[in-house]
K.L.:
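Questions regarding the structure given below will be posed in turn.
In each ligand, atom 1 is the first atom listed, and ligand 1 is the first ligand listed.
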Amino acid sequence: MKDKVLSFFGLGYVGLTSAVCFAHKGFKVIGFDADPEKIKLINSGKPPFYEPQVENLLKEALESRFLSLTHNPAEAIEGSSITFITVGTPSNPDGSINLEQVKSASMQIGQALTKKKGYHLVVVRSTVTPGTTENIIKPIIEGYSRKKCGDTWGLCFNPEFLKEGSAVKDTFNPDRIIIGEFDKASGEMLEKLYKGFYEGEMPKTIRTTLVNAELVKYANNAFLAMKVSFINMMANLCQKLSGADVEVIAEGIGLDKRIGSLFLKAGVGWGGSCFRKDLEALLDFALKNNVELPLVEATLKINNLQPYKLIELAKELIGELNGKKISVLGLAFKPETDDMRDAVSIKIVKKLLDEGACIAVYDPKAMENAKKIFGKGVKYAESIEDCLKNSECALIVTEWEEFKNLKPQNFINLMKIPAVVDGRRIYDVESFSSKLRFAAIGLGEKKYYNPALAANAIIQKNNSILLVKRSIKPFKGLWSLPGGFIEYDETVEESLTREIEEETGLKIKPLKVIGVFSHPLRSPVKHVITICYESIIVGGELKACSESAEVKFFPIDNLPKLAFDHEKILRNYLKLKNTSCSNKKHAA
Ligand code: UDX
């Protein structure tokens with residue numbers, strides 16, 4: 001079969017990867033693309049995208065002359081006997097499939113086939129909705145060539161299942177080959193081609209109708225996306241349950257052979273060029289056929305919301321994000337690619353900007369693509385270190401290997417406040433949560449081991465106590481003692497003075513510690529140790545600033561109910577005061 005020359009119409013991701021793999025195996029390949037710039041770039045040995053091994057294979061194919069490129073579609077058809085259609089099938093704005101490129105390739109093939117002598121096989125590899133090969137592609141080619149399908153030319157639909165980042169590996173080791181055939185002769189020829197490609201190790205092959213093969217591709221992507229959305233749904237439940245961890249749930253169900261362990265990694269959601277496009281096209285197609293696909297709808301719905309879970313966790317960890325410096329590690333839709341199509345990072349960065357955060361982003365490969373999307377709104381860091389420097393919270397969005405290698409100490413050394421939200425579950429929960437503020441997708445509350453240290457003040461003026469009502473969670477709308485978390489480079493007194501000035505406008509002086517209290521169930525780090533100071537006012541002016549909605553003195557005999565442990569702390573203090581007052585009276 002190596003005597004057969006192949007041609008590829010469309011040198012995007014699938015077309016070019018397949019072309020260089022065939023060339024590597026000793027097949028003569030002709031590449032055609034409608035974009036002359038792309039042809040020029042590829043001819044110079046540069047793939048128009050990043051994908052492991054493709055550049056090397058391309059150079060090898062050009063040097064060995066097993067791959068040649070042309071601007072002329074007729075030349076590609078004339079010089080080959082099997083043509084793969086590998087053009088893009090993007091979405092229309094309403095989610096339906098856009099078949100323009102497929103139609104135009106079919107037209108060019110049809111025109112060129114008019115003059116062609118000998119049998120020619122056309123293999124559709126672009127993902128198309130069921131019925132497209134038979135009802136759209138075949139009539140176009142027949143119309144332009146004026147040759148009936150099955151006579152001098154054959155037709156197959158042959159879906160690809162390549163994953164970005166491992167496309168070459170997947171081409172050489174596929175799980176199966178699906179051949180949808182117009183007639184036996186077409187299927188036979190394609191199967192023979194693959195037998196030549198895989199030599200003695202032919203993967204399991206299914207030969208079927210065109211429509212079945214088209215459906216297999218959609219069902220495959222819908223199922224994979226549903227699996228990820230399913231585990232993300234469980235992750236959201238785990239996050240609310242003390243002691244729960246979605247990683248264990250995934251391992252537990254993944255060991256059931258009927259379920260399998262792959263595509264059960266919970267995270268901030270799936271992205272990429274295929275899943276959303278294909279699921280939306282499938283939904284649209286089903287709707288036009290009066291069929292509902294509720295599982296596909298739910299899969300999309302879960303995924304639309306999943307990126308925001310990361311922002312919710314960040315807020316639980318460090319409070320409101322307005323004005324805070326946030327580092328986003330990872331922008332590509334998955335590791336080992338520079339592709340940002342439908343990447344969850346886009347939603348995350350946009351939301352962070354809406355919240356008023358100052359954002360630094362870093363990705364080992366996708367920075368150039370990111371600049372086209374985010375423009376001047378964010379800082380493009382040059383390295384992980386540059387991204388984390390002075391940051392108040394780091395968000396892990398893509399699980400690149402170099403992020404996995406970071407240790408808690410790296411974050412502690414670089415960040416202003418070492419707080420990490422693991423959106424891809426790459427860090428060891430125990431070692432991270434015992435050393436820094438840590439939250440992760442699908443990790444229940446009990447997993448926050450590290451206690452946070454807070455300082456609060458009891459400020460009494462005449463017979464009143466100063467209280468604040470905060471607008472941030474978990475204190476939202478509740479009265480509490482003024483104060484806040486102790487930051488890394490401050491003493492407790494400095495922290496308390498700063499926090500109270502930020503909250504109330506008043507300058508205070510902490511006089512003495514009246515107690516240290518531990519509260520295991522309080523956000524953001526769940527276990528909070530509060531140091532409470534009796535303090536006095538030394539200056540400033542009372543006004544609600546920063547995150548407080550109201551600040552007010554309350555008469556001791558008419559105090560509102562206070563949030564969490566603050567109620568108990570204040571009551572204890574007042575009781576002690578009274579006792580000591582009455583003791584003094586006794587003594588007097
Ligand atoms: C997918 C299909 O896997 C492939 O068969 C098809 O031909 C094209 O679409 P691809 O888009 O390259 O491939 O990436 P894939 O590895 O499937 O990942 C898709 C998204 O799901 C990524 O954003 C990834 O991060 C996410 N994902 C995947 C998870 O969040 N959890 C998982 O367990 C697996």
Side-chain angles (χ1 to χ4, degrees), residues 12-15 17-18 49-52 54 86 88-91 125-128 158-171 173-178 213-214 216-236 246-247 249-251 253-254 259-282 299-300 302-307 309-310 330-348 363 366 396-400 403-404 422-426 440-442:
Y13 196 80
V14 173
T17 307
S18 314
F49 49 83
Y50 170 77
E51 175 67 30
V54 168
T86 46
T89 47
S91 299
R125 212 154 156 73
S126 307
T127 300
V128 292
N158 171 224
E160 51 78 24
F161 301 99
L162 310 181
K163 300 185 289 297
E164 288 190 28
S166 59
V168 170
K169 208 170 115 208
D170 294 346
T171 305
N173 309 287
D175 291 335
R176 73 319 205 173
I177 290 173
I178 309 286
E214 288 165 331
V216 166
K217 171 68 189 192
Y218 277 103
N220 206 82
N221 272 355
F223 196 90
L224 289 174
M226 182 179 75
K227 229 177 152 188
V228 181
S229 280
F230 176 84
I231 203 68
N232 285 341
M233 173 185 83
M234 295 309 294
N236 297 339
V246 73
E247 291 275 282
I249 311 305
E251 192 185 357
I253 64 172
I259 296 176
S261 63
L262 299 176
F263 271 66
L264 281 183
K265 183 83 185 165
V268 272
W270 42 260
S273 63
C274 291
F275 280 178
R276 175 175 309 283
K277 169 178 87 77
D278 291 353
L279 266 63
E280 284 177 353
L282 183 61
T299 300
L300 283 160
I302 293 167
N303 201 61
N304 286 342
L305 298 175
Q306 197 61 15
K309 300 287 168 196
L310 195 71
L331 298 167
F333 86 96
K334 69 178 198 179
E336 291 306 325
T337 172
D338 63 351
D339 196 345
M340 281 193 63
R341 284 176 290 173
D342 202 30
V344 283
S345 64
I346 301 174
K347 274 193 178 164
I348 290 171
D363 188 283
I396 307 296
V397 177
T398 315
E399 64 277 33
W400 283 96
F403 304 155
K404 287 186 186 168
D422 185 354
R424 292 291 181 185
R425 298 306 307 267
I426 59 175
I441 290 285

K.L.:
Using the test ring-ring contact (aromatic ring centres under 6.0 Å, His included), find all partners of Phe275 that sit at least two apart in sequence or belong to another chain.
P.N.:
Trp270

K.L.:
Working to the nearest 0.5 angstrom, can you tell me the gap between Arg276 CZ and Asn303 CG?
P.N.:
6.0 Å

K.L.:
Considering non-hydrogen atoms only, spot the tightest contact between Arg425 and Val246 and give its length.
P.N.:
NH1-CG1, 3.9 Å

K.L.:
Is it true that Glu399 and Lys334 have a side-chain N and a carboxylate O under 4.0 angstrom from each other?
P.N.:
no

K.L.:
As an exercise, state the distance from CD of Glu51 to CG of Asp339, rounded to the nearest 0.5 Å.
P.N.:
9.5 Å

K.L.:
Once you round to the nearest 0.5 Å, how far does CZ of Phe161 lie from NZ of Lys217?
P.N.:
6.0 Å

K.L.:
Write down, by chain and number, every protein residue that brings a non-hydrogen atom to less than 4.0 Å from an atom of ligand 1.
P.N.:
Glu160, Phe161, Leu162, Lys163, Glu164, Lys217, Asn221, Leu224, Val228, Phe263, Leu264, Lys265, Trp270, Gly271, Cys274, Phe275, Phe333, Lys334, Arg424

